[in-house]
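One structure below.
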Amino acid sequence: PRREIMQIGAYTLDLYCDCNCIPVWKRDEVGDLTSICHEHNYNEFPHQYVGDTHRDTSKRAKLAGWKLSKKLDLCPKCNRK
């Protein structure tokens, strides 16, 4: 019997927001300075989209509210402004 070889391929798009919010600097428990963005939580990114091609993944991201361009990627929160 002949065995079929499965070919798997996918394109993954990991997106981070390029918002221009002004970070607030605070000291953590140890005393080190950390920046906090008012718009986003630390664990909010990356947003991950998977498809067969870049076009498929970017289309899914845009349907979810992302604004994608060569210079700037904005998440659905920041794209509403």
Side-chain angles (χ1 to χ4, degrees):
R2 183 175 172 190
R3 290 180 31 180
E4 297 277 334
I5 297 175
M6 186 183 328
Q7 294 180 349
I8 299 174
Y11 187 89
T12 304
L13 184 64
D14 296 325
L15 293 174
Y16 294 83
C17 185
D18 295 324
C19 74
N20 57 358
C21 72
I22 299 169
V24 175
W25 293 93
K26 292 190 176 183
R27 295 206 178 269
D28 60 9
E29 301 83 29
V30 182
D32 295 332
L33 282 174
T34 57
S35 66
I36 299 171
C37 177
H38 289 294
E39 302 295 330
H40 305 108
N41 296 324
Y42 173 76
N43 61 353
E44 195 171 346
F45 297 104
H47 289 199
Q48 191 174 68
Y49 298 91
V50 179
D52 293 329
T53 62
H54 181 295
R55 185 176 178 180
D56 291 341
T57 55
S58 61
K59 184 176 180 180
R60 290 177 192 204
K62 288 177 182 179
L63 287 172
W66 279 85
K67 178 184 178 187
L68 305 177
S69 67
K70 290 182 180 180
K71 293 183 179 180
L72 190 70
D73 296 332
L74 292 177
C75 73
K77 266 189 204 178
C78 296
N79 192 20
R80 290 189 200 130
K81 295 179 183 177

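Only this structure's heavy atoms are used, side chains among them; waters, hydrogens and symmetry mates stay out.
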Original post:
Under the 3.5 angstrom rule, does the side chain of D18 hit a backbone N or O of L72 as a donor-acceptor pair?
Top reply: no
Subject >> D73 side, atom CG; C17 side, atom SG - distance, nearest 0.5 Å >> reply: 8.0 Å
Subject >> Partner residues of Y16 under the ring pair (Phe, Tyr, Trp, His ring centres under 6.0 Å) criterion, sequence neighbours left out >> reply: none
**OP:** Step by step, work out the side chain to side chain contact (heavy atoms under 4.5 Å, CB included) result for L15 and Y49.
**Re:** CA-CA 8 Å; L15 293 174; Y49 298 91; 3.9 Å; yes
Subject >> Heavy-atom closest pair, residues P76 and A64 >> reply: CG-O, 3.3 Å
Subject >> For T12, side chain to side chain contact (heavy atoms under 4.5 Å, CB included) partners two or more places apart >> reply: D14, Q48, V50
Original post:
Are Y11 and L68 connected in the hydrophobic side-chain network, where two residues link if heavy atoms are under 4.5 Å apart?
Top reply: yes
